[in-house]
Amino acid sequence: MAWRSHPLLATLAALTVLLLALILFWDWNWLRPLVELRASAALGRSVSIGHFDLRLSGAPMVTVDDAAISNPPGFGGNDTLATVKRLQLRFDAWAALRGRIVIPSIEIDEPQGTLRAKSDGTTNWQFGKSGVGQPTGAEQDAAGPEIGRLTIRDGRIRFVDPRRKADFSTFINTDEPRDGSEPRIVVAARGTYDAQPIDAHFSGGSLLSLRNETKPYPVDLDAKNGATHIRLTGTLRNPLKFSGANLKLLLEGDNLAKLQPLIGVPLAPTPRYRLAGLLDYADRRIRFRNFDGRVGDSDLSGRFEVDPGKERPRIDAVLTSQRIVLDDLGGFIGATPGRTDAPNQSATQKEEHRQKQASPKLLPDTPLNVPDVKSADFHIHYEGKRIEGRSMPLDNLVADFTLENGKVTLTPLSFGVGKGEIASNIEFDARQNPAHAKFRVEFKQVDLHRLMQSTHIFEGAGTIGGRAYIDTSGNSLADMLGRGDGDLKLFMTGGDVSALLVDLAGIDLGNSILSALGIPQRTQIRCMVSDFSLNRGQLQTRTFFLDTTEANVTGNGKIDLQNERIDYRIATEPKHFSVGAVPAPIDIDGPLKSPSVGPDTAALAARAGPSVALGVLLTPLAALLPTIQLGLGKDNDCAGSIARIEAASKALPGVKTKKAAPPHGSGVKKGGKKTQ
């Protein structure tokens, strides 16, 4: 056949030969500058490629050698963000003709890079103007590429962030199972995080199984950051959509507060802990449930949920302890958590205890551990079934803690004491500096026997009632008490108290020695009434009166909570003669942590009559009766004691009775109208 008579066929034959020659002899590396230009435009960074190649077939393969992505300005001109020794991608050409992007395999050799963050929050891994990896809503809905087998060899990525005090490297590889199954991802991390050594190992399933909604994705993580240890094993269900999890989580360390840099949720300081439970995801909440373990010497169980979908994370928890040592909760009030002699104390906590014991201060002055008001909202319900420990008069604990938009409330914070209760309502506005706080405490039929047992010195029985109110500001418990305004009212009736209490106040030397030797001798209490005002940290006595079968005891003075000093005097008037009794006042003064106690030697020669005690009690006692009944109940002996005192005081020569004023904070105004 003559080609000149068929010019169209001749042209097609020539083009075919030319195309074959092009395929056989074309150097695809000639397109390298074009690929670099397009990649640089897409990433907003300078991209360089050492060599580019393309092999055409039913599954075309792209090979890129010695690729590098530069850092943005300000992160070092000589350093690169990332480099790759070799990158090979295979594409499914027939799927591409049908509008699908299918990459059957990716092989990456020696990917290396350094991810850096500055103190102002800028990072070198944010690409483009709006940031690569932040797709629009339409892009999120579009189906991504389908990736099959992923192979990574000798990957190393360094992470540096001064805000997190972090400088660590991750080493990434994929193992090649002998059975020919998909390679698993293996990652190791070593360096420092939060200024603590970090050593972590992670093993996960293949990249292909990430998109398999019917096959759970295996996870195995073991990480240590300083004294904190995290062990996580189990599976994720469709992790790309985060649709569920079935994981076992173990947490252990010397302080739960150290978890904040790892989990992003602020927690109070604690002693050493170990907690194990189930971690899952449901209803858009991350849940740590059915966990149990120990925190210090206390057991702890319950559930912990995090809702990350709001403006701030929302944390809800229900926690229970069958046995609790109250010292383990010291971190919530600024004290060092845990017992001083606990064997599981960290070196830091032991040093804090040593400094606290050496300090002349008694009240905790460490800033209260209130979570960052901008970081999260909390609601925690906690119940301690039984409280144990040295000098521990409390039986149980119930607390509802809420942090909502910067305002903290504890409503209630309730302690059981025998058959009675100490119930508190606390409001704490952490948005102010110093923080503003209000404390309301009710003492309802509190068992004195439980309180006195804890001292290991005195014994006694009876019932205590009363209330306390403080309106204050500050960032530590000591600061708040030193600034506070309010009042304190405590009452007692019935039972008895060790004679040592009364006899020491009257310097009854003989009976004091007998009491100190443990010889049983008790003094019946008819009534105790105490009423104190609090003004800018000065706790001043309005009334202090103790009516016993042996003596009447009165007290007067003040306690300076701001400077932690006490200046107080107790006077005793015996009701009968006792050999060795010298009814001189007792002065208590000096630092609150270690005051001196002794008689007023100038008053030893003075033999005061009953008018000393009775003369100071003419005005306030009767006005306190309604409040007394709220704390002690209607059936108490204080009404009779007050009536006897008032009757006796009227018979004293030169004494004028005064009309009792309404009790402070009684809520009654002139005209009989009751305030709300």
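This chain uses plain numbering: 1 for the first residue, then up along the sequence.
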So, are [X] and [Y] salt-bridged, with charged N and O less than 4.0 Å apart?
X      : Y      : result
Lys85  : Glu110 : no
Asp65  : Arg86  : yes
Lys438 : Glu427 : no
Asp120 : Lys118 : no
Asp316 : Arg303 : no
Arg287 : Asp307 : no
Arg153 : Glu107 : yes

Phe378 vs Phe401 aromatic rings, parallel, tilted or perpendicular, using cut-offs 30° and 60°?
perpendicular
Legend entry - Verdict with supporting geometry, Lys407 and Asp429, salt bridge (Lys or Arg N to Asp or Glu O under 4.0 Å): CA-CA 5 Å; Lys407 186 175 182 180; Asp429 192 346; over 6 Å; no
Heavy-atom donor-acceptor pair, [X] side chain to [Y] backbone, under 3.5 Å:
X      : Y      : value
Ser40  : Val47  : yes
Asp175 : Ile185 : no
Arg294 : Asp297 : yes
Asn29  : Phe52  : yes
Ser476 : Asp479 : yes
Asn124 : Thr114 : yes
Tyr273 : Gly293 : no

Given the options Val408, Thr411, Leu413, Ile426 meets side chain to side chain contact (heavy atoms under 4.5 Å, CB included) only with Leu413
In Å and rounded to the nearest 0.5 Å, what is the [atom1] to [atom2] distance from [X] to [Y]?
X      : Y      : atom1 : atom2 : value
Thr402 : Phe428 : OG1   : CZ    : 14.5 Å
Ile315 : Arg285 : CD1   : CZ    : 10.0 Å
Leu249 : Phe304 : CG    : CZ    : 11.5 Å
Leu403 : Arg314 : CG    : CZ    : 9.5 Å

With a 4.5 Å limit on heavy-atom distance, are the side chains of [X] and [Y] in contact?
X      : Y      : result
Arg149 : Pro183 : yes
Arg190 : Phe171 : yes
Tyr382 : Ile324 : yes
Leu262 : Tyr193 : yes
Thr151 : Ile106 : no
Asn475 : Asn433 : yes
Thr80  : Ile69  : no

Compute whether any side-chain donor of one residue and acceptor of the other, for [X] and [Y], lie under 3.5 angstrom apart.
X      : Y      : answer
Arg158 : Ser169 : no
Ser206 : Tyr217 : no
Ser70  : Arg45  : no
Asp400 : His381 : yes
Asp199 : Asn225 : no

Run the salt bridge (Lys or Arg N to Asp or Glu O under 4.0 Å) test on Asp194 and Arg164 for me, step by step, so that the C-alpha distance in whole Å, both residues' side-chain angles and the decisive distance to 0.1 Å come before the verdict. CA-CA 5 Å; Asp194 193 36; Arg164 294 181 171 87; over 6 Å; no
Worksheet item: Should we say atom CZ of Arg284 is surrounded by more than 12 heavy atoms from elsewhere, each under 6.0 Å from it?
Response: no
Of all heavy-atom pairs linking Ser119 and Pro162, the shortest is N-CG, 4.0 Å
Correct closest heavy-atom pair for Phe168 and Gly191 would be CB-CA, 3.7 Å
Quiz item: What's the verdict on side-chain contact (heavy atoms from CB on, under 4.5 Å) for Val219 and Thr235, showing C-alpha distance, side-chain angles and the deciding distance?
Solution: CA-CA 5 Å; Val219 169; Thr235 59; over 6 Å; no
Determine, step by step, whether Ile49 and Val35 satisfy the side-chain contact (heavy atoms from CB on, under 4.5 Å) criterion, reporting the C-alpha distance in whole Å, the side-chain angles of both residues, the deciding distance to 0.1 Å, and the verdict.
CA-CA 8 Å; Ile49 298 174; Val35 174; 3.7 Å; yes
- [ ] Show your working on side-chain contact (heavy atoms from CB on, under 4.5 Å) between Val295 and Thr270 and close with a plain yes or no.
- [x] CA-CA 7 Å; Val295 177; Thr270 68; 3.7 Å; yes
